[in-house]
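Start at 1 with the first residue, then count along the sequence.
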Amino acid sequence: MTVGFVGGSGIYDALPLSNTRERDVTTPYGDPAALVTIGEFGDTGREVAFLPRHGRDHQYSPTDLPYRANVHALKQVGVTHLIASNAVGSLREDLPPGTLVVPDQAFDRTKRRPLSFFGDGVVVHQPFAEPYCPELSGLLVDAARDADGAVDHAVDVHDGGTYVCIEGPQFSTRAESAFYRDQGWDVVGMTTIPEAKLAREAEMAYATVAGITDYDVWKEDSQVTLEEVLENAARNEAAIKATVERAIRSLPEDHTCDCHDALEGTVNTPADAIPEATRERVDLLLGEYLDD
């Protein structure tokens, strides 16, 4: 088992790892945002692969991120369980900045992003009713609650909720923010889609811990500035890292779930009708299903 960790805004360095090495991974979908750092986590001996979602210097916007290359690169190095972090805005009065949220639902408001590894002659229809792995999410919730003593301030944890993913890079208008609240959604961010979809297509167990940085703009006294977001993202960093570390320690060595065979029965194109170039590109993901 190799556990992957995708660091969101404010998290550009790996967890405390030993015997680290960096892998320059090439993928059929281009280059990932950065080299993949791989090492042994603490005294567990467990291998962890880290990738900063936006690049080491935050050079990729949410729209332009190489999501497919990021996930494919982690798949190539053997990741089976992928934990992510996100910086998000709150759509609820009772979820102030500094709160950690482990969402269980997502709503896609993006417009310009490739959402799948597939296409070009191969059609895959995959269930996505539960966008985050319930078992991995449960471990993250427990880990976040245990992380309180690892930071210098109290950490509130919210179990579940809907993450509405907007295109960005602009923050919401007041009308949009009010609409999201009216739907009963909980947090707003820019990066869980298509990452969650791609992780499912890569048959990874995937979950995220989101750190709230602001109240979005539905709140009359809230403007949402980059300064506020970055300041609170930095404040959330220690709690998020402590959460991820505890989740990795608690993950059973032999854990498996429905996510790990999520492509079974989803390919709608006969294998002999798929163009050879497409078969080669998706071989890491679909090879075992196309050979049957």
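- Side-chain contact between T99 and S90: absent, with no pair of heavy atoms (C-beta onward) separated by less than 4.5 Å.
- Within the 3.5 Å criterion, the main-chain N or O of L35 finds no donor-acceptor partner in the side chain of E22.
- The shortest side-chain heavy-atom distance between E201 and V71 does not fall under the 4.5 Å cut-off.
- Counting heavy atoms of neighbouring residues, nucleotides and ligands inside a 6.0 Å radius, atom CG of D258 does not exceed 12 of them.
- Within the 3.5 Å criterion, the main-chain N or O of V217 finds a donor-acceptor partner in the side chain of R174.
- A donor-acceptor contact shorter than 3.5 Å is absent between the side chain of N236 and the backbone of A87.
- Among the candidates R68, R53, R200, R113, the single residue satisfying the salt bridge (charged side-chain N to carboxylate O under 4.0 Å, His left out) test with E195 is R53.
- Here the closest heavy-atom approach between residue T266 and residue Q126 is recorded as CG2-CA, 4.1 Å.
- Shown here for Y163 and V88, the closest heavy-atom pair between the two residues is CE1-CG1, 3.6 Å.
- In this structure R109 satisfies the salt bridge (charged side-chain N to carboxylate O under 4.0 Å, His left out) test with no other residue, sequence neighbours excluded.
- Around the CD atom of E253, the shell of radius 6.0 Å holds more than 12 heavy atoms that belong to other residues, nucleotides or ligands.
- Using a cutoff of 4.0 Å between basic side-chain nitrogens and carboxylate oxygens, E228 and R235 are not scored as salt-bridged.
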I'd like to know whether L100 forms a side chain to side chain contact (heavy atoms under 4.5 Å, CB included) with V155, so could you lay out the CA-CA distance, the side-chain angles of the two residues, the decisive distance to 0.1 Å, and finally the verdict. CA-CA 7 Å; L100 299 187; V155 178; 3.8 Å; yes
Begin with the C-alpha distance, continue with both residues' side-chain angles, and end with the deciding distance and a verdict on side chain to side chain contact (heavy atoms under 4.5 Å, CB included) for E237 and I240. CA-CA 5 Å; E237 179 182 1; I240 289 173; 5.9 Å; no
Determine whether F117 and L286 satisfy the following criterion, side chain to side chain contact (heavy atoms under 4.5 Å, CB included), listing intermediate values before the conclusion. CA-CA 10 Å; F117 289 114; L286 279 184; over 6 Å; no
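- A salt bridge between D120 and R281 is present, with a side-chain N of the basic residue lying under 4.0 Å from a carboxylate O of the acidic one.
- The two residues I193 and A106 have their closest heavy-atom pair at CD1-CB, 4.4 Å.
- Listed for the H260 side chain is a donor-acceptor partner under 3.5 Å among the backbone atoms of T80.
- Checked by atom type, the side-chain pair T192/N86 shows no donor-acceptor distance below 3.5 Å.
- T44 places a side-chain N or O within 3.5 Å of a backbone atom of F41 that can act as its donor or acceptor partner.
- Under the salt bridge (charged side-chain N to carboxylate O under 4.0 Å, His left out) criterion, D104 pairs with no residue at all, not counting sequence neighbours.
- No donor-acceptor pair under 3.5 Å is formed between the side chain of Y67 and the backbone N or O of S116.
- In plain terms, the two heavy atoms of A84 and Y206 that are nearest each other are CB-OH, 3.5 Å.
- In this structure, the side chain of S137 does not engage the main chain of A207 through any donor-acceptor pair within 3.5 Å.
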